[in-house]
Amino acid sequence: MQRFARSRSIGPVAGERRRGFLLPDQLSVSGWNRRASTFLLEAFVCRRLAALSEKRRTSNRTKHLQIRMHESGGEDDDLFPANGFGAQAMATASHPVLPFTPHQNPATSHHHHHLHHQLTSATSLTHLKQLHAQILRSNLPLPSTSLLLHTLSLSSSPLSLSYSLSVFTHIPKPNPNLSNKLLREFSNSREPYNTLLAYSQLRGKGLGVDRFCFPTVLKVVSRVKAVIEGMEVHGLAVKLGFGDDPFVETGLVRMYEGCGRILDARRVFDKMSHRDVVTWSVMINGYSQVGLFDDVLALFEAMKSSNVEPDEVIFSSVISACGRARNLSYGKAIHESITQSGMLTDPYLQSALVSMYGSCGSMELAQNLYDQLSTKPIVVSTAMISGYSKNGQVEAARLIFDQMTGKDLVCWSAMMSCYVESEKPLEALELFNQMQVRRIKPDKVTMLIVISACAHLGALKHAKWIHEYVDRHGFGGDLRVNNALIDMYAKCGSLEGAIEVFDGMPRKNVVTWTGMVTALAIHGEAVNALKLFYQLENENIKPNEVTFVSVLYACSHSGLVDEGRKIFASMVEEYNITPKLVHYGCMVDLLGRANLLTEAFEIVEQMPLEPNVVIWGSLMAACRFHDEFELGEFAAKRLLELDPDHDGAHVFSSNISAKERRWEDAREARILMKQKGISKERGWSRIELNNEVHEFLMGARNHEQADEIYAKLNEVVGELKQVGYAPNTCNVLVDLDEDEKEKAVLWHSEKLALCYGLIREEEGSCIRIVKNLRICEDCHTFMKLVSKVHQKNIIVRDRTRFHHYKDGLCSCNDYW
DNA sequence: ATAGGGTTAG
């Protein structure tokens, strides 16, 4: 074992001599009589059995005990979960209150029976602990352990498990049969780490460890990714001669996979002499999780060649790998095999197939399969919803949703997520309201979706409401929920809100910090974003790829060119992060915006990755901004090669031709666009007033107060013209006359939203607008002037960032 | 006699 650990030479334990792991102080219970411990554990178990057999009918005795328990102040009761399970149980553990008189003659069998009866009928942890104390005081003889054998398979709450662990650790010689059951009980609980503590106890005593404990222990090691401990277990298993037990070996394969060591997993796998379908399944899943799908298929074929017949489980694993690899043809072939094998009735397989088709973009095939099912399990319907969601088919998803008879939380969440993904956050929130009406309790995942819906919507009042909801319903302590709240506040234009959540978080991870850096960056506070980033080092948090995207983004949106270059270099050299396309994109953006177009183009030419639409798009945008037509047209052409329907590139090329008076080219470009049915993505804007969200499409008149709004627009334009405003039409398609061009600009949706905000003026409040596209130069000027003339703060979120207008100036310093 | 593998919302 020593040799094994040292040969890998990792971590602090190499060379250190120890058996098992350390047991935290809080779990050692001093002064416990060993016989009493065994007795108590047994009683604990009896109690569970009794509870199970009496599940529904509450006897008089139980009622009596409950009443007594409440009288003595205990309110914990893990047999009746409705009563909750308080921390008080632990607090009273060391000072139990005895509810009955101690017996004078403890050693009699009468007394033993009496106590045994008390124990088996005890209904709360508190009561059990009181009895425990009673045993300790009376020094009772050890009863038989037979009852233990059938028991520990009931589900348990974490607290009672840690209690039974502390009892367990004081049994000097637990038999392996019992200890394995307990280990398994721990491993399935919410705190699987207890398994390792119990295992460590057994090891410390040098006993109780047989071959059957290893699969369980390894499973836990894999779940908690404790690679050092895993290797110790590996070493011990080999030393004890279980190294060639197929169950142990399979556990080892999975353990190494769980710890991110696929090669070590494969090494164990390769030297196995007997591999059954589970072994193959574990190995295949390992490769699937790290995205090596070719290996998945190769292994699957190898498995079939070695005459192991695939079962439902392994089929579903391979199917899901096909989905993630977008390998439709292989997926279809397996579908065929499944049909022939008659396994298609398995709901796991059905949902795996549906979601595979969804990932491969073939919802027709998914629908075909779905239509054939006589009963449609919820999971399969949910897979259909998320399949349609992935493919942008909201209506089809909704149809499935509406046809479902029994809806669970997951399918509600899936439908909400679908709306968020398709940029329909209001519909998602509407569903959330319906959930409330139906009294369906959301969970953490639901909350993450709803919070994300609010972030997409960008409406601050909705955001505040959902934040209150989060706190009221006890989600406020969750790390991921808080991370989502930071993002939400940032996207709703409230940097203060984001900071407040950030500051109030007791625990932060790299996502938290990255989220806050992004929040500062999109609000134009690049210097603070960088400060926060540099603070990461003190916090012992390692920035990841995403963190660097945020920081580089901050630099590029504030023109911090040198800083950006430096950070990009440190990402590669100090943090060993290989730049991805997004990072190069940030650099192109950074340099392009700063009018260092040659350098930006050099990045595109020299980077080791093939430039994509985003890269060329960002170069093109920079060229448009700086009137660099030649390079711009080149970028536009590359862009159109990759995406022939790219609206921006078509408009830009056409406009360049016009600017250079190549009228024929310009006309041709426009005709081409018309033929292909390409038009600029229609702009829309939203404004939240009085808890209502109003949406405006460019040039549309469907708002009930449209006349008033357009009148207001004329009035405002008149005012602004007096302070020097002239509509700027240079980015409009050229085949319009000047008057039309001016209207095309004036009717931009954000101006309509702004005017509606001015009509519905709320005292002292600022106007918050959300826009789907990047704000155009004309609107930008317009907003600045209105903020001055009307003395009104305006906050506009566009596709990439926020603009805070105040007193004629914008927070972006006209650099966006 | 006891143990190891999977599906739907993020």
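Residue numbers begin at 1 in each chain, while the letters A, B, ... track the order of the sequences.
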If you check the [X] side chain, which of [options] turns out closest?
| X | options | value |
| --- | --- | --- |
| A:I449 | B:dG10, B:dA3, B:dG6 | B:dG10 |
| A:T382 | B:dG4, B:dT8, B:dG10 | B:dT8 |
| A:Y348 | B:dT7, B:dA9, B:dA3 | B:dT7 |
| A:T279 | B:dG4, B:dG5, B:dT7 | B:dG4 |
| A:S413 | B:dA9, B:dG5, B:dG6 | B:dA9 |

Report task. Answer yes if the side chains of A:T250 and A:T279 hold a donor-acceptor pair under 3.5 Å, and no otherwise. Result -> yes

Query raised in the report: Just checking, is any N or O donor in the side chain of A:R267 or A:Y256 under 3.5 Å from an acceptor N or O on the other one?
Result: no

Query raised in the report: According to the 5.5 Å centroid and 30° plane-angle thresholds, does A:F212 stack upon the nucleobase of B:dA3?
Result: no

With sugar-phosphate meaning primed atoms plus P, OP1 and OP2, does [X] contact a base, only sugar-phosphate, or nothing at under 4.0 Å between heavy atoms?
| X | value |
| --- | --- |
| A:V410 | base |
| A:E312 | base |
| A:I314 | base |
| A:V277 | base |
| A:D346 | base |

Query raised in the report: Does the B:dG4 base have a donor-acceptor partner in the side chain of A:D276 within less than 3.5 Å?
Result: yes

Atom [atom1] of [X] and atom [atom2] of [N]: how far apart are they, to the nearest Å?
| X | N | atom1 | atom2 | answer |
| --- | --- | --- | --- | --- |
| A:M384 | B:dT8 | CE | P | 14 Å |
| A:R324 | B:dG6 | CZ | C1' | 13 Å |
| A:N483 | B:dG10 | CG | P | 17 Å |
| A:E257 | B:dG6 | CD | P | 10 Å |
| A:Q350 | B:dT7 | CD | P | 15 Å |
| A:L183 | B:dT2 | CG | P | 17 Å |
| A:L218 | B:dG5 | CG | P | 11 Å |
| A:F247 | B:dG5 | CZ | C1' | 11 Å |

Are [X] and [N] close enough that a side-chain N or O sits under 4.0 Å from OP1 or OP2?
| X | N | answer |
| --- | --- | --- |
| A:R184 | B:dA3 | yes |
| A:S417 | B:dG10 | yes |
| A:R211 | B:dA3 | no |
| A:S386 | B:dA9 | yes |
| A:S355 | B:dT8 | yes |

Report task. Evaluate the ring planes of A:F475 and A:H473, with Trp represented by its six-membered ring, and classify them as parallel (under 30°), tilted (30 to 60°) or perpendicular (over 60°). Result -> parallel

Query raised in the report: Between A:F432 and A:Y469, how do the two ring planes meet: parallel, tilted or perpendicular, split at 30° and 60°?
Result: perpendicular

Requested in this report: List the atom of A:Y370, the atom of A:K376, and the distance in Å for their closest heavy-atom pair.
Outcome: O-NZ, 3.0 Å

Report task. List the steps, then state whether salt bridge (charged side-chain N to carboxylate O under 4.0 Å, His left out) holds for A:R254 with A:E257. Result -> CA-CA 5 Å; A:R254 192 180 147 170; A:E257 286 166 1; over 6 Å; no

